[in-house]
Every structure is written in C-alpha cells, then in structure tokens.
Amino acid sequence: MEQQMDSKQQAQQGADDDLAERIVRHEWEQFQQTDNEGGRANCQGNWPIFHQMRLSQFLTWTPPLRRSYARDLDRADQIGRNLVTEKYGRMMVSTAPEDYQRSIEPFIPALSQPRIENQEQVIAQQVAWADDFRQRYPKLGREMRLLTTAEDTSEDTSFETYLRGELGTYSDNTFSLYRVFVQNLKAQGRNLTEETIRNTVLLDGFAGLDEAEAQQR
C-alpha cells in the first residue's frame, strides 16, 4: 500500500511539474507577441534563460496556484489579453510614468484599492526576503535585479517594480492563492527568494546555493 501511495504521489508530482513547464511555454508564446519600444528585445530570443528563470519560480508554487494561473493565461488568450505584455506595461508606472499614463493605463484593467493594499503587503515581504538573501549570498545577489522601486531607471527595472507589475496581472483568485502562499512561507520561516534561486542554480547544474555562491567571481 505504501509503495502504491508513493507511485501516486510521484505521478501527481510529475503532472504538477509538467504544468509548470506548460505555463512557462505559454508565457513564452505571449512574450513573443509583446512589442518593445525600439524593436525586439534580446531576451525575447533567449528561450534557455527565460525557461530557467520562469520555471525556477513556478516550481516553488503550490499546485492550486499553478492551476489558477494557467487558467489566467488561457482566459487571457480567449479575450485578447496578453498578460506578459501587460506586466511590462504596468512596470512603466515607475520607469516611464508619462508613457504609462498616456499609452498603458487607459487600456489595462484597473485594480481596486483593497487589491493594491494587499499586493503591497506581499511585495514588502518579498522585498525583505530578497534583501535577506542578498546579504547571505552577496555574490549571487549581485546577479539579481536592483532591489527597490526607488532605484529604477529608464533602463533598469527593480525586483520590486517587476513583482508589482506581475502581481497586477493575476486574477483575483490567483492573487488570493498567491497571498496565502506567501503568508504560509513566512509562517514556516521560509524565504521565497532563496527557494527560487536554489531552483535556478540546480537547473544550472550546481549542487546547491553554497556551491553556486562559491563559484561566482
């Protein structure tokens, strides 16, 4: 019976990992349809890096959260939205505010004040996690984005601004699940940045964070 349960759990884990892969592929498809001012961005042609970065994130998520976001992507296709385009558009509220007000804000769904307040609580926690990680793994931390929105420039977008743009694209159901996910990690004393980057370095062939940190220049 125990072996049978293990087989079922392994099958479920495989299905969950497959869904994470499908989400990354779906985002990549939407990314290819995203117009960039000044022409196509270099990162739009770099599937290996995109795959590694996004899969590292989705592998940390709970299965219900993955399923909800997968539905968001499907629904977006059905109604003519592109969540990846919208994510980058939402970031412009900090990096290009005039362009955002003129060309982006009128064409994307507005967020309610309670939703914004709840997002900011999540963002504050994740910025704290990222800062903690950078202090413990400074070499790996140097490879990360700038940390806070206050550091944004027209060329560089911070982790905080990127996260704010991404969370703003989630459906209410997906964001609710994500908020609980973050709250549970905090209650367990875990760090989402650490878990995400651990996935990244494992996908890169390292044994773990300590080995990856030691091999950074």
Side-chain angles (χ1 to χ4, degrees), residues 15-97 99-123 126 145 149 157-182 192 196 199:
D16 291 338
D17 290 350
D18 286 347
L19 179 56
E21 289 280 4
R22 291 200 301 274
I23 289 171
V24 176
R25 177 60 68 176
H26 198 158
E27 281 197 332
W28 176 255
E29 291 168 357
Q30 290 197 359
F31 192 30
Q32 298 312 293
Q33 300 166 19
T34 298
D35 293 329
N36 181 59
E37 185 176 348
R40 185 174 172 82
N42 290 335
C43 55
Q44 286 179 282
N46 196 337
W47 162 252
I49 292 298
F50 183 93
H51 174 262
Q52 182 185 35
M53 296 298 102
R54 299 304 286 168
L55 185 62
S56 295
Q57 172 178 322
F58 297 129
L59 288 176
T60 67
W61 285 15
T62 63
L65 178 54
R66 289 180 201 162
R67 290 193 291 269
S68 184
Y69 182 56
R71 288 193 293 271
D72 290 354
L73 291 166
D74 289 339
R75 177 61 176 160
D77 287 345
Q78 293 167 4
I79 63 177
R81 285 176 67 189
N82 183 320
L83 299 188
V84 176
T85 298
E86 186 178 309
K87 172 173 65 177
Y88 285 101
R90 287 183 181 276
M91 294 180 207
M92 291 171 60
V93 70
S94 172
T95 59
D99 288 343
Y100 173 79
Q101 291 176 1
R102 181 180 63 254
S103 305
I104 305 298
E105 188 174 22
F107 305 104
I108 60 176
L111 301 175
S112 69
Q113 191 59 36
R115 168 68 179 266
I116 291 171
E117 291 171 359
N118 287 332
Q119 284 188 182
E120 290 304 311
Q121 292 174 3
V122 170
I123 291 164
Q126 290 200 234
R145 290 175 176 270
T149 294
T157 304
S158 66
F159 169 77
E160 179 183 358
T161 296
Y162 185 96
L163 179 60
R164 187 173 289 116
E166 180 158 321
L167 295 183
T169 70
Y170 294 171
S171 68
D172 287 342
N173 185 68
T174 297
F175 176 70
S176 178
L177 290 169
Y178 188 86
R179 185 183 180 207
V180 170
F181 167 65
V182 168
L192 183 55
T196 301
N199 287 337

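Residue numbers count from 1 along this sequence.
The distance from atom NE2 of H51 to atom CG of N46, rounded to the nearest 0.5 Å, is 12.5 Å. In this structure, OH in Y69 is found 8.0 Å from CD in Q57, a value given to the nearest 0.5 Å. Taken to the nearest 0.5 Å, the CZ atom of F58 stands 10.0 Å off from the CZ atom of R66. Rounding to the nearest 0.5 angstrom, the gap separating the CG atom in L55 from the CZ atom in R25 is 12.0 Å. In this structure, OH in Y170 is found 11.5 Å from CG in L177, a value given to the nearest 0.5 Å. Interatomic distance, F31 CZ to Y88 OH, rounded to the nearest 0.5 Å: 4.5 Å.
Minimum heavy-atom separation, L167 to Q119: O-OE1, 3.3 Å. Nearest heavy atoms, S94 versus T149: OG-CG2, 3.4 Å. Looking at every heavy atom in both residues, L83 comes nearest to T169 through O-CG2, 3.6 Å. Taking both residues in full, the closest heavy atoms of N199 and S56 are given as ND2-O, 3.0 Å, listed atom of the first, atom of the second, then distance.
The backbone N or O of N82 lies less than 3.5 Å from no partner atom in the side chain of Q30, so there is not a single donor-acceptor pair.
Here D172 pairs with R115 under the salt bridge (charged side-chain N to carboxylate O under 4.0 Å, His left out) rule; sequence neighbours left out. R75 meets the salt bridge (charged side-chain N to carboxylate O under 4.0 Å, His left out) test with no other residue; sequence neighbours excluded. Listed by chain and residue number, nothing satisfies the ring-ring contact (aromatic ring centres under 6.0 Å, His included) test with Y162 (two or more places apart in sequence, or in another chain). Applying the side chain to side chain contact (heavy atoms under 4.5 Å, CB included) test to P109 and every residue at least two apart in sequence or in another chain returns R81, E86, R90. N118 is linked by a side chain to side chain contact (heavy atoms under 4.5 Å, CB included) to Q121, F175, R179, counting only residues two or more places apart in sequence or in another chain. Legend: residues meeting side chain to side chain donor-acceptor pair (under 3.5 Å) with S68, ordered by chain and number and at least two apart, are N173, T174. Taking the salt bridge (charged side-chain N to carboxylate O under 4.0 Å, His left out) definition, one finds that R54 meets it with E27, E166, sequence neighbours left out. In this structure T60 satisfies the side chain to side chain donor-acceptor pair (under 3.5 Å) test with no other residue, sequence neighbours excluded. The side chain to side chain donor-acceptor pair (under 3.5 Å) search around Y100 returns none, not counting sequence neighbours. By the salt bridge (charged side-chain N to carboxylate O under 4.0 Å, His left out) test, E120 pairs with R164, sequence neighbours left out. With sequence neighbours left out, E105 forms a side chain to side chain donor-acceptor pair (under 3.5 Å) with no residue at all.
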Side chain to side chain contact (heavy atoms under 4.5 Å, CB included) for F181 and V122? Distances and angles first, verdict last. CA-CA 10 Å; F181 167 65; V122 170; over 6 Å; no
What verdict does the side chain to side chain contact (heavy atoms under 4.5 Å, CB included) test give for T85 and Q33, after you've listed the backbone C-alpha separation in whole Å, the side-chain angles of each residue and the deciding distance to 0.1 Å? CA-CA 8 Å; T85 298; Q33 300 166 19; 5.7 Å; no
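Side-chain contact between Y178 and V182: present, with at least one pair of heavy atoms (C-beta onward) separated by less than 4.5 Å. Looking at heavy atoms from C-beta onward, D77 lies in side-chain contact with H26 at the 4.5 angstrom threshold.
Applying the salt bridge (charged side-chain N to carboxylate O under 4.0 Å, His left out) test to pairs two or more places apart or on separate chains, none has a residue in residues 43-53.
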